[in-house]
S.K.: 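Here it is: the structure, laid out below.
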There are 2 protein chains.
Amino acid sequence: MGKREEKIASIIQHTTRLLVHEGVGGLSMRRVADLAEIRLSNLQYYFKDREALLKATVAHYFEQCKTDVLQSLPSSDTKEIKLESLLRETLQKGLVLGDTNEQCAMFREIWALSTRNTSIAALVKEYYQHYCQWLVQLMASYTPQPQLIVSLLMPYVEGYSVMGQALPLTKEEVIDLLVKTVLVVIDQ
Amino acid sequence: MGKREEKIASIIQHTTRLLVHEGVGGLSMRRVADLAEIRLSNLQYYFKDREALLKATVAHYFEQCKTDVLQSLPSSDTKEIKLESLLRETLQKGLVLGDTNEQCAMFREIWALSTRNTSIAALVKEYYQHYCQWLVQLMASYTPQPQLIVSLLMPYVEGYSVMGQALPLTKEEVIDLLVKTVLVVIDQ
DNA sequence: TACATTTTAGGTCATTTGACCAATTTATTG
DNA sequence: CAATAAATTGGTCAAATGACCTAAAATGTA
């Protein structure tokens, strides 16, 4: 990584931290410059304004998500495992309560931003579409209707991070329920 | 509604609009005062600071949600209808894509806020818990396991508003899938 | 009416913010 | 080495903002 890339990485990292801990309201060029220990005008040299910095930071976030997801998905050559194990494993990782998770906090900000920022909204949509595709591809080895399973599980996982803490079931009970549900549905 | 209540209602209404259209960043006491056509100091008389205004506005939002939900739920004395119809009707209303809906936009802001504001986070959690209870109560007339159905559908509906637009299924297909799923699961 | 309370008006002040600029330093390259 | 571009610095400026204050006006009440 060249010096330029390193510096940009540092800027984006501090911007991300600021976003997570203070929200969009707390994000200003000056504060980022302070955190990254560079002058305001130097920051402006790399990102001409707040908007550009924000866009780059969000794009970087989804890049990171992509890497995380693709790594965490079981590789498709270990097809020996049962569909049930795959589901359990995936759900165990995927079901996260949003209020205890830094990555979720970042997503909340992005989601709110996307309401009024079409280019950020496009990034969100694009990411979810890719995510769907990866999962469909993964599931395709186990069932003739991967789209069905994905359409059933993805919104659930996202919704769980929003309001899972208000559910009358524990995470384990939820996983049992979902696994059972999926297995029953594809048997139909 | 007394003059005082009318004025407070107007302030909260304009605050809500501002939040939806500009985000938390665009929310300042001055702008609210301008929109509500009162002096800044008058606004400060009713809400001592931004924080108090925000809290009251969020609380009002959830009050409104409560009213909406309780009204839209079929009254429990019309038990003649089938569970399937109930599910279809509820899902038709509940499955909303977040990017086309003003109420969703407001929720996005609130959700982002709740990351760093415990009292707002408490309002969110409280609302979802009540929402769960209402639905459990409603479903209780149709199945011995209402909690199961609610635990299955509520996160899904919330998640659908987040990423439904990236799903490979249409809303109608999603509803068919969910209804079928629920009916199969409770038959087990 | 006279008094107390609530509500409104107008203004100041210190801070923060984004935008902009001129000058200087640090690579890079011919 | 010299010239050119890239990177960095320090600083100014106007606008916006929250907090604060005082006085007046409206309203209710004894």
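Each chain gets a letter, A, B and so on, in the order its sequence line appears, and its residues count up from 1.
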S.K.: Say you draw a straight line from CG of B:Leu40 to CE of B:Met29; how long is it, rounded to the nearest 0.5 Å?
M.R.: 6.5 Å
S.K.: Please state how far atom CD in A:Glu5 lies from atom C1' in D:dA6, giving the value in whole angstrom units.
M.R.: 13 Å
S.K.: If you assign A:Tyr45 and B:Leu40 each to the DNA chain D nucleotide with the nearest heavy atom, which residue ends up on the more 5' nucleotide?
M.R.: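 This one resolves to A:Tyr45.
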S.K.: Could you tell me whether A:Lys55 and A:Glu51 have a side-chain N and a carboxylate O separated by less than 4.0 Å?
M.R.: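 No.
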S.K.: Please give, in whole Å, the distance from D:dT17 P to B:Lys48 NZ?
M.R.: 20 Å
S.K.: Any donor-acceptor pair under 3.5 Å joining the side chain of B:Ser41 to the base of C:dG11?
M.R.: no
S.K.: Please tell me which of the listed nucleotides, D:dA7, D:dG10, C:dT17, lies nearest to the side chain of A:Ser28?
M.R.: C:dT17
S.K.: Give the rounded distance in Å between these two atoms: CG of A:Leu43 and C1' of C:dG18.
M.R.: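 The answer, rounded to whole Å, is 11 Å.
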S.K.: Considering only D:dA19, D:dG18, D:dT8, which nucleotide approaches the side chain of B:Arg50 most closely?
M.R.: D:dG18
S.K.: How far apart are the closest heavy atoms of B:Leu91 and B:Lys171, and which atoms are they?
M.R.: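 Where B:Leu91 meets B:Lys171 most closely, the heavy atoms are O-CE, 4.3 Å.
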S.K.: How close or far is atom P of C:dG18 from atom CZ of A:Arg39, stated in whole angstroms?
M.R.: 17 Å
S.K.: Would A:Met154 end up clustered with A:Val96 when hydrophobic side chains under 4.5 Å apart are linked, directly or stepwise?
M.R.: no
S.K.: Just call it for B:Leu27: base, sugar-phosphate, or nothing, with non-hydrogen atoms closer than 4.0 Å on any strand.
M.R.: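 Sugar-phosphate only.
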S.K.: Counting only side-chain N and O atoms of A:Lys7, is one of them less than 4.0 Å from OP1 or OP2 of D:dT8?
M.R.: yes
S.K.: What is the distance from CD of B:Glu6 to P of C:dT7, rounded to the nearest Å?
M.R.: 13 Å
S.K.: On DNA chain C, nearest-nucleotide positions of A:Gln44 versus A:Arg31: which is more 5'?
M.R.: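 Nearest nucleotide further toward 5': that of A:Arg31.
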S.K.: Write down the distance between CZ (B:Phe47) and P (D:dG18), rounded to a whole number of angstrom.
M.R.: 15 Å
S.K.: Using 30° and 60° as the class boundaries, would you call the ring planes of B:Trp111 and B:Phe107 parallel, tilted or perpendicular?
M.R.: parallel
S.K.: Taking only the side-chain heavy atoms of A:Met29 (C-beta and beyond), determine which of D:dT8, C:dG18, D:dT9 contains the nearest atom.
M.R.: C:dG18
S.K.: Between C1' on D:dT9 and OH on A:Tyr46, what's the gap in Å once rounded to a whole number?
M.R.: 13 Å
S.K.: Nearest to the side chain of A:Arg30, heavy atoms from C-beta on, is which of D:dA6, C:dT17, C:dT7?
M.R.: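 Shortest atom-to-atom distance from the side chain points to C:dT17.
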S.K.: Separation of B:Asn42 atom CG from D:dA26 atom C1', in whole Å?
M.R.: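 To the nearest whole Å, that distance equals 12 Å.
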